[in-house]
Amino acid sequence: MASNMDREMILADFQACTGIENIDEAITLLEQNNWDLVAAINGVIPQENGILQSEYGGETIPGPAFNPASHPASAPTSSSSAFRPVMPSRQIVERQPRMLDFRVEYRDRNVDVVLEDSCTVGEIKQILENELQIPVSKMLLKGWKTGDVEDSTVLKSLHLPKNNSLYVLTPDLPPPSSSSHSGALQESLNQNFMLIITHREVQREYNLNFSGSSTIQEVKRNVYDLTSIPVRHQLWEGWPTSATDDSMCLAESGLSYPCHRLTVGRRSSPAQTREQSEEQSTDVHMVSDSDGDDFEDATEFGVDDGEVFGMASSALRKSPMMPENAENEGDALLQFTAEFSSRYGDCHPVFFIGSLEAAFQEAFYVKARDRKLLAIYLHHDESVLTNVFCSQMLCAESIVSYLSQNFITWAWDLTKDSNRARFLTMCNRHFGSVVAQTIRTQKTDQFPLFLIIMGKRSSNEVLNVIQGNTTVDELMMRLMAAMEIFTAQQQEDIKDEDEREARENVKREQDEAYRLSLEADRAKREAHEREMAEQFRLEQIRKEQEEEREAIRLSLEQALPPEPKEENAEPVSKLRIRTPSGEFLERRFLASSKLQIVFDFVASKGFPWDEYKLLSTFPRRDVTQLDPNKSLLEVKLFPQETLFLEAKE
């Protein structure tokens, strides 16, 4: 299998030998032959006595010598050819059938189909009928690059690549039922829409996936990032009539699901249209007044009449490529792009609209995987090479496509001295005095210039300075050479960036773990401190309560009347009180003493009557429930009684 670099060389040689300028068509033909250059050329240019010899195959294949001069597109260029003449011999090359892969999408299902290219479109539908349970008559198979095709069309005639994406529409079948309109809308919001957007000026397609909740404004902003066409200058075709507001989400805009095709281009202002009409009338007037003698000797300088006419027309144009002393670089480049399109057509590189610093930001100051080379095009209207370079090299489809994919292209017009001085100042600031001096010493006839810039860590490096006296093949080779250098540097940058991100991720994880550890330690310490404070508080309360109880006990003990003697003139009652721990308290009281004195005695021993109750045995009764003002004789605690203390619940 050929590498990417080998394929680019094969593609360049194939286009040079066959004259096929359309890159997509050339790639399709090469893929049909598995990138076998010789087989692909023989498929386009049949040979009478065999085929050519290619240094890519590694094996000598007999065939007649191929004369590059016999084909208009094979004129000698600075790039080397991969072909050499060999001795004639007759050999038949049998073509192996190609297998084509199709990914077919229908609503929320994907079906993979693999067929030979000798099969027809109808056979794909028959397979889908079995898989999707949809009759062939109700099925519309969409997604062909050539438009709608018949069921009898042979796949080989469509020149398809190996991998293809199609989708099925069933307009005659009702959509899946839902509980309500809001439920259907919610389902649409969760679906993904494939928008196939064609950029009209460069004839390039973008396949973009958007969720149903995305708005039309978000789509337009994304297209601005891809095409550098500001939203206010975008001219669209293909939006449904219900899509009247840019704030509307895609799910309710009426787009076809799952795929919908749109076309976008740059909107021309009325002033630009009038200028273009005036320029065309100026050109016609100039030709009608000329007798043609001025162009008779043009071929002596290697330039044909059309090129001389183009140069003369450029010199006489009323509208300059860029306004003089423009305050805003973005506005100057808008005029440059509009004027370039009016002169050389809409197929041209997408020029970045903004300052040179903004172009640096877009190309260099992003993640390594997203970086691109910066191509600076320096225009000069007074150079005899400008018209040829712009119309034949810079606007070639292969160059436009390659620049769009791999470069950020920024332009400036050096025709006016003020604009030239301004660019040299920018050049000196960004690239240094050496590059600025190199551009300053360039003669007018050496313009236009194409500067290839690669961003590095500490500075911006000028990889190549391409002058206007070049060819399409040489320009492509130099762009590819710069791209090869950039790719090698980009891989190193990606590796370094990945390693740096990995280190930063490890550091972030360690910092986060350390932070969480500190927080856990702090929380543990605070919890311990709170616990200690609570214990201290409770201990203080307990001590205060004990001190208070002790004070009450002492006061009660001091207030008790003296214990009477056993031999006393007054009747004496002897009480024996059993505590919860099993100990006994014994004391004598006057029979006339109030019951409250007994309570105070028990409380003075540490058993307050509000926490304990005093019970008698026979009969069992709660003495604490009796009137404390009655005497012991009245409550029948005379002459002696045994009581016991019990804690209240």
Side-chain angles (χ1 to χ4, degrees), residues 12 21 75-79 295 298-317 320-322 333 336-337 339-345 347-352 356 373-404 406-417 419-420 423-424 426-427 431 435-453 462-483:
E21 296 183 358
T77 65
S78 60
S79 60
F295 308 111
T299 54
E300 297 179 6
F301 301 96
V303 184
D304 58 21
D305 294 349
E307 294 174 359
V308 175
F309 170 80
M311 288 184 287
S313 175
S314 297
L316 294 177
R317 290 182 187 274
M321 292 293 292
M322 186 173 287
L333 285 167
F336 182 93
T337 303
E339 182 64 19
F340 195 96
S341 298
S342 67
R343 294 189 188 185
Y344 306 110
C347 182
H348 61 73
V350 179
F351 297 116
F352 182 85
L356 184 57
L373 285 170
L374 176 63
I376 299 180
Y377 169 63
L378 300 179
H379 186 88
H380 203 302
D381 268 339
E382 296 178 2
S383 173
V384 296
L385 299 174
T386 296
N387 188 66
V388 178
F389 182 84
C390 292
S391 60
Q392 298 188 12
M393 266 71 78
L394 199 56
C395 292
E397 289 186 4
S398 58
I399 300 297
V400 170
S401 176
Y402 196 76
L403 288 174
S404 299
N406 303 294
F407 291 78
I408 297 294
T409 306
W410 189 82
W412 196 258
D413 182 21
L414 303 184
T415 306
K416 302 292 185 181
D417 291 339
N419 291 338
R420 180 187 182 93
F423 177 77
L424 290 175
M426 291 188 288
C427 187
F431 309 126
V435 177
Q437 182 63 24
T438 302
I439 297 174
R440 185 181 289 108
T441 56
Q442 295 287 324
K443 298 179 181 179
T444 301
D445 290 342
Q446 292 176 315
F447 284 92
L449 297 180
F450 216 53
L451 277 61
I452 308 300
I453 315 296
V462 180
L463 292 181
N464 213 332
V465 178
I466 305 174
Q467 295 181 346
N469 55 343
T470 184
T471 63
V472 174
D473 291 339
E474 184 177 356
L475 177 59
M476 178 62 79
M477 291 299 294
R478 296 180 75 170
L479 292 177
M480 292 170 62
M483 192 63 194

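Fair warning: this is a prediction, and the values are worked out from it, not measured in the lab. Basis for what follows: all heavy atoms, side chains included, without hydrogens, waters or symmetry-related copies.
- Between E474 and M477 there is no side-chain heavy-atom pair separated by less than 4.5 Å.
- For F351, the ring pair (Phe, Tyr, Trp, His ring centres under 6.0 Å) partners are F336, F340, H348, not counting sequence neighbours.
- Side-chain contact check for L356 versus L374: some heavy-atom pair is nearer than 4.5 Å.
- For the atom pair CG of D413 and OG1 of T386, the computed distance is 9.0 Å after rounding to the nearest 0.5 Å.
- Applying the side chain to side chain donor-acceptor pair (under 3.5 Å) criterion to R478, with sequence neighbours excluded, gives N464.
- Using a 4.5 Å heavy-atom threshold, the side chains of F450 and T470 count as separate.
- Applying the ring pair (Phe, Tyr, Trp, His ring centres under 6.0 Å) rule to F389 yields no partners; only residues at least two apart in sequence or on another chain are considered.
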Working for side-chain contact (heavy atoms from CB on, under 4.5 Å), residues L385 and F447: CA-CA 7 Å; L385 299 174; F447 284 92; over 6 Å; no

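- Note that CZ of R440 and SG of C427 are 8.5 Å apart. Values are rounded to the nearest 0.5 Å.
- Side-chain atoms of L373 and L463, non-hydrogen and from C-beta on, do get closer than 4.5 Å to each other.
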Stepwise side-chain contact (heavy atoms from CB on, under 4.5 Å) test for T409 and F352: CA-CA 6 Å; T409 306; F352 182 85; over 6 Å; no

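- Between L378 and I376, some side-chain heavy-atom pair lies under the 4.5 Å cut-off.
- Here A12 pairs with nothing under the side-chain contact (heavy atoms from CB on, under 4.5 Å) rule; sequence neighbours left out.
- Between atom CZ of residue R420 and atom CH2 of residue W412 there is a gap of 13.5 Å, rounded to the nearest 0.5 Å.
- Contact annotation: the side chain of P349 never approaches that of Y402 to less than 4.5 Å [non-hydrogen atoms, C-beta and beyond].
- Judged as a side chain to side chain donor-acceptor pair (under 3.5 Å), and not counting sequence neighbours, S391 has no contacts.
- By the 4.5 Å heavy-atom criterion applied to side chains, L479 and L403 are counted as neighbours.
- Evaluation of the side-chain contact (heavy atoms from CB on, under 4.5 Å) rule for S401 yields I23, Q405 as partners, not counting sequence neighbours.
- Rounding to the nearest 0.5 Å gives a distance of 4.5 Å between NE2 of H379 and CE of M321.
- For Q446, there are no side chain to side chain donor-acceptor pair (under 3.5 Å) partners, not counting sequence neighbours.
- A heavy-atom distance below 4.5 Å is found between the side chains of V465 and V462.
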Residue pair K416, D381: steps toward the salt bridge (charged side-chain N to carboxylate O under 4.0 Å, His left out) verdict: CA-CA 9 Å; K416 302 292 185 181; D381 268 339; over 6 Å; no

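- Checked against side-chain contact (heavy atoms from CB on, under 4.5 Å), E382 has the following partners two or more places apart in sequence or in another chain: H380, T415, T444.
- For D445, the side-chain contact (heavy atoms from CB on, under 4.5 Å) partners two or more places apart in sequence, or in a different chain, are V384.
- Every residue two or more places apart in sequence or in another chain was checked for a side chain to side chain donor-acceptor pair (under 3.5 Å) with E397, and none qualifies.
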